[in-house]
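Here's the structure, in structure tokens; my notes come after.
Each chain gets a letter, A, B and so on, in the order its sequence line appears, and its residues count up from 1. Values reported hereafter were calculated over all heavy atoms of this structure, with side chains retained and with hydrogens, waters and symmetry mates removed.
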Protein chains: 2
Amino acid sequence: MTHINQNSLTEQEFLAQYNPGYYPRPSVAADMVIFTVGSAPEPNYRKLPEKELRVLLIRRGGHPHLGKWALPGGFVRPRETVGEAALRELREETGVESAYLEQLCTFSEPDRDPRTWVMSCAHMALMDGEGIQLSAGDDASDARWFRIKYTLLEESKTVSPSGSTCTQLWQLELTEGDTVLFAKVRQTSGQQGDEITLTENDGLAFDHAKIIAYAIHRLRNKVEYTDLALNLMPERFTLTELQQVYEVILGEPLYKAAFRRKIKDLVRETGEYIENAGHRPSQLFRRYWEESR
Amino acid sequence: MTHINQNSLTEQEFLAQYNPGYYPRPSVAADMVIFTVGSAPEPNYRKLPEKELRVLLIRRGGHPHLGKWALPGGFVRPRETVGEAALRELREETGVESAYLEQLCTFSEPDRDPRTWVMSCAHMALMDGEGIQLSAGDDASDARWFRIKYTLLEESKTVSPSGSTCTQLWQLELTEGDTVLFAKVRQTSGQQGDEITLTENDGLAFDHAKIIAYAIHRLRNKVEYTDLALNLMPERFTLTELQQVYEVILGEPLYKAAFRRKIKDLVRETGEYIENAGHRPSQLFRRYWEESR
DNA sequence: CAAATAGTGTCTTTAAGACATTATTAT
DNA sequence: ATAATAATGTCTTAAAGACACTATTTG
């Protein structure tokens, strides 16, 4: 059946004569929070190195926020989805063709970019960072992995007649060599949904501290009930390494026996063992979804 | 300190001379999946009415998709956030000033709107629908609550060397009076993150069936570990009603004793009781965050 | 052997699942 | 009385928390 509108046009005719007009439109960028886990320098010959959660940042080589550190990202182009734009950015920055990718949230405060109206559709990617050759994109001068420290400073509960809200103040510290970036974010969970606001910011461009905080919350939350942490592991890993990854994301120690019970269906034995550690060798495991061979 | 870029401009000078240029930009719409729970007509005088999950749809009064049913939504304007645009739309359509609101995902397939490049930043709102006067917006001819039926038709697991994927085929049926809208969506959960594709669609405009399916998944998931279902309740409710809401969202029956143990900290007794039911009266409860009086 | 980590066993605690029983109401 | 729902008790099952113990390795 063919529908006719008030001006007696069919849909084909309507689309043929359609003029998008001059409504103002935003630019839309796909920004990437790329997480990896790496090892801190080994303390002594038989101790295991500590794991650290890292995020990829790029030093801005142009205005605005010249010299500040920013998330990799770029504008979405006409014939692609935001996810495709994010993947393109991932490839350009890390050379990696595919990785776990998840859309997070679209950040749209009108003045988040001083140039013009730019929304950011933020994504999170997880990968094993060992052996990745970082290459900075066009308008970037430098790309680096920053070590993440994210701690709860303060928590308070306010009860008002219209509802109660829980406010948390978090501190974000990103370190790479001598460079330390610093931010504080306030998170309020109320009845109209959650919100994050930036209360302090030193060294990070735009609202990227807020986006990183949002991503860390998502990661912490999902690590507890999904298998997404496996995407941060190399092909072969020990269960202690996997546990360290869970611990560094959650920011708390876990019991070994309970942890192994919990993740036993997510991994498969390989029969291979670590060698030349100053202690009993541990077995290497692989992800459950990668078939043995 | 003042940074100077390659053209020796300060940030102020740079912004003053900045010209956004003619990169193509998308329109960005905020679309709303507004959920309510209502009672089916009471079967007999002493039986409790069944609850049903409902979503608000608007009949399109113009091209494209003339006559089809669509989610309420509108374009984001220059000095507002997508969340503000969503709230504006909620107000226009329902008259409700505030409700639980959560951003879901930005849908950006380039051809999702036949007119031009339009992204949809989808939101979910939860409210008690009793006593809401629906008023259709400008380009809409009719606004109605549709009863949701969402069922799993098929599930399969594929293991390939590059990873295993789990595919589910879901059927969405939306009913209001004699109008039945119908769609099927395929959901794949793999290692590159999840994806939803529309495989069949009858009566719904654009990719809105996909957005509704996405919202139902989010709702089902979050109902299990948050208190968001309370936002669907009126000020006073019985525990059986609350349980029915959980059941209609999850699509499965729950054990009464276990349910009450689980939600006991989310509600407060009021001491008031239902009257004139053909059975033992049940106590009315309120949400934990609304103070007693 | 000493200093590490690997890998398990097991007891306790808590939460969820599955019924069953008793209590109240309006007709 | 009867047909409903309300409210709670309790036994079972499963998962998580908390330790402790034994097994291997290399300098």
Nearest-nucleotide pick for B:Y45, side chain only, options being D:dA4, D:dA7, C:dT27: C:dT27
Measure the distance from CZ on B:F285 to P on D:dA6 and round it to the nearest whole Å. 11 Å
Passing option when A:R236 is tested against A:E269, A:E272, A:E241 for salt bridge (Lys or Arg N to Asp or Glu O under 4.0 Å): A:E272
Measure CG/A:L254 against P/D:dC19 and give the value in whole Å, please. 15 Å
Rounded to whole Å, how long is the line connecting atom NZ of B:K264 with atom C1' of D:dT8? 13 Å
Find the distance A:L239:CG to D:dT24:P and express it as a whole number of Å. 18 Å
DNA chain C: A:H279 or A:A258, which has the more 5' nearest nucleotide? A:H279
Whole-Å distance separating the CD atom of B:Q243 from the P atom of D:dT8: 14 Å
Mark yes or no for whether B:Q187, through its side chain, and B:D194, through its backbone, hold a donor-acceptor pair below 3.5 Å. no
Looking at B:K256 and D:dA7, is any side-chain donor or acceptor paired with a base atom of the opposite kind under 3.5 Å? yes
Nucleotide D:dA3, atom P - distance to CG of B:L48 in whole Å: 17 Å
Between A:T270 and A:L284, is there a donor-acceptor pair closer than 3.5 Å when you use the side chain of the first and the backbone of the second? yes
Which residues share a salt bridge (charged side-chain N to carboxylate O under 4.0 Å, His left out) with A:E155, sequence neighbours left out: none
Side-chain-base donor-acceptor pair under 3.5 Å for B:R280 and D:dA6: yes
With heavy atoms under 4.0 Å as the rule, sort A:Q283 into base, sugar-phosphate or nothing. sugar-phosphate
If you assign B:R46 and B:T240 each to the DNA chain D nucleotide with the nearest heavy atom, which residue ends up on the more 5' nucleotide? B:R46
From the set C:dA18, C:dG7, C:dA26, return the single nucleotide nearest to any side-chain atom of B:A257. C:dA18
To the nearest Å, how far apart are A:L284 CG and C:dA6 C1'? 13 Å
Just compare D:dG9, D:dA16, D:dA4 and give me whichever is closest to any side-chain atom of B:N44. D:dA4
Closest-nucleotide ordering on DNA chain C, the 5'-leading residue of A:Y273 and A:G278: A:G278
Less than 4.5 Å apart, any side-chain heavy atom of A:M32 and any of A:L56? no
Rounding to an integer number of Å, can you tell me how far A:Q244 CD sits from C:dT5 C1'? 11 Å
With a 4.0 Å limit, can you tell me whether A:Y255 has a side-chain N or O closer than that to the phosphate oxygens OP1/OP2 of D:dA18? yes
Got a donor-acceptor pair under 3.5 Å from the side chain of B:R261 to the base of C:dG17? yes
